[in-house]
Amino acid sequence: MINTYTGTKGKEGRSNPGLKEGLNTFTWNMRYPGATVFDGMIIWSARPQRGPMAPIGEYNVTLKTGDVEKNTSFKLEMDPNLEGVTAADIQEQFDLAMAIRDKVSEANEAVILIRDIRAQAKEVKANAKLKAQIEDVLSKMRVIEEDLYQVQNQSGQDPLNFPIKLNNRLASLQRSVESGQAKPTDASYVVFEELSGELEGHLSKLNDILNGEFKKLNEVLPEKISLDKK
């Protein structure tokens, strides 16, 4: 399953299934779902919400309305104007773009988790000693958050003043990989490995905190902080 689209009354359009009586048109953008994002996220020179372009191949589509269900198939074919590019090249480009997208999601999901923990911690009623311990743990998580995302960004122009962080660098790499239809460059793989290693380091630090200091602290808090995704 690549994606599903559900019609919404009053929002008919080429990219949204229509619900009006009669003939409706829907156009698939030929892209997979984008990376996980969070409210207020500002990224420079990239659109992580935009998933990788689907590779060449045969696809199935199912249309459901009421009790009626129809199935058909279609093909995505090579652009006849491309020269020196093979179907294998396009597939390789897609595979790398998907791998990068997933790393962007990992980085953003870590930011979401840290922010959710911080929001819950504000509601915990604890004595001064426990509050100090909470703030100490949160400050360590905040360092990781700031390595993953440029928290000073408040507008689309702020990245001109503040350096982009890891999630932005990954998202920009995906944009670079998908510039045109061609086999990814060797440099793209080198950068991907470097950024993936950097991300693994930050996530490892976060897991150490969650399984160490945070876990011990959470056990003595009067109100437990949940790590379940919301």
Side-chain angles (χ1 to χ4, degrees), residues 2-3 29-57 76 78-79 81-115 140-210:
I2 297 174
N3 214 336
N29 63 4
M30 297 184 292
R31 289 187 174 274
Y32 274 60
T36 301
V37 296
F38 49 86
D39 292 341
M41 186 180 74
I42 296 173
I43 296 294
W44 184 258
S45 188
R47 291 178 60 194
Q49 302 92 331
R50 189 185 190 199
M53 181 71 74
I56 296 164
L76 293 184
M78 175 78 74
D79 183 344
N81 296 309
L82 291 177
E83 296 182 2
V85 179
T86 67
D89 293 334
I90 301 300
Q91 182 66 48
E92 186 175 340
Q93 181 185 42
F94 169 77
D95 292 340
L96 179 56
M98 285 290 284
I100 299 171
R101 182 207 68 172
D102 292 345
K103 292 299 180 183
V104 175
S105 288
E106 287 184 44
N108 290 342
E109 286 166 4
V111 172
I112 292 170
L113 176 60
I114 291 171
R115 292 184 173 185
K140 293 176 181 177
M141 290 185 184
R142 191 174 294 113
V143 171
I144 297 172
E145 176 188 0
E146 292 174 356
D147 284 332
L148 295 174
Y149 174 66
Q150 181 50 267
V151 298
Q152 296 186 81
N153 285 346
Q154 299 298 316
S155 76
Q157 297 303 309
D158 279 342
L160 294 172
N161 302 312
F162 307 113
I164 65 173
K165 295 301 180 77
L166 184 55
N167 69 340
N168 200 151
R169 289 153 62 198
L170 280 163
S172 294
L173 176 60
Q174 181 184 330
R175 179 176 179 270
S176 175
V177 167
E178 289 204 289
S179 295
Q181 290 182 291
K183 178 183 175 70
T185 63
D186 292 341
S188 297
Y189 285 102
V190 172
V191 174
F192 176 61
E193 290 302 319
E194 290 177 350
L195 296 181
S196 296
E198 187 176 334
L199 175 61
E200 185 60 33
H202 293 313
L203 297 182
S204 179
K205 290 178 183 177
L206 178 59
N207 286 328
D208 286 345
I209 294 172
L210 293 175

Decide side chain to side chain contact (heavy atoms under 4.5 Å, CB included) for I112 and T36; before the verdict, give the C-alpha distance in whole Å, the side-chain angles of both, and the deciding distance to 0.1 Å. CA-CA 10 Å; I112 292 170; T36 301; 3.8 Å; yes

Interatomic distance, [X] atom [atom1] to [Y] atom [atom2] [nearest 0.5 angstrom]:
X    : Y    : atom1 : atom2 : answer
E109 : F38  : CD    : CZ    : 11.5 Å
I100 : L195 : CD1   : CG    : 8.5 Å
L210 : I114 : CG    : CD1   : 8.0 Å
E145 : R142 : CD    : CZ    : 7.5 Å
L199 : L170 : CG    : CG    : 6.5 Å
L173 : F192 : CG    : CZ    : 8.0 Å

Side-chain donor/acceptor of [X] to backbone N/O of [Y], under 3.5 Å:
X    : Y    : result
D102 : A99  : no
D158 : Q154 : yes
D89  : T86  : yes
N207 : L203 : yes
Q150 : P163 : yes
E178 : M53  : yes
Q93  : V177 : yes
R31  : G51  : yes
K165 : E146 : yes
N168 : W44  : yes

So does K103 pair up with E106, basic N to acidic O under 4.0 Å?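 Judged by the 4.0 Å cut-off on N to carboxylate O distance, K103 and E106 do form a salt bridge.
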
Give the minimum heavy-atom separation between [X] and [Y], together with the two atoms involved.
X   : Y    : value
I42 : G156 : CG2-CA, 4.0 Å
M78 : A87  : CE-N, 3.3 Å
P33 : N3   : CG-ND2, 3.7 Å
G40 : Y149 : O-OH, 3.6 Å

Let me see the working for S176 and S179 under side-chain hydrogen bond (donor to acceptor under 3.5 Å, both in side chains), right down to the final yes or no. CA-CA 5 Å; S176 175; S179 295; 5.2 Å; no

Is it the case that the side chains of S105 and N108 hold a donor-acceptor pair, with the cut-off being a distance below 3.5 Å and no angle test?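 Checked: N108/S105 side chains show no N/O donor-acceptor pair below 3.5 Å.
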
Test item: [X] and [Y] side chains (from C-beta on) under 4.5 Å apart, heavy atoms:
X    : Y    : result
L160 : Q157 : yes
L166 : D147 : no
I209 : I144 : yes
H202 : L206 : no

Please check if atom [atom1] in [X] has more than 12 non-hydrogen atoms from other residues, nucleotides or ligands closer than 6.0 Å.
X    : atom1 : value
R115 : CZ    : yes
M30  : CE    : no
N161 : CG    : yes

Sort out for me which residue in I56, D79, L76, D95 forms a side chain to side chain contact (heavy atoms under 4.5 Å, CB included) with I90.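 Answer after filtering I56, D79, L76, D95: I56.
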
By the definition side chain to side chain contact (heavy atoms under 4.5 Å, CB included), identify the one residue from R175, Q174, M41 that meets it with P48.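 Testing each of R175, Q174, M41 against P48, the sole residue satisfying side chain to side chain contact (heavy atoms under 4.5 Å, CB included) is M41.
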
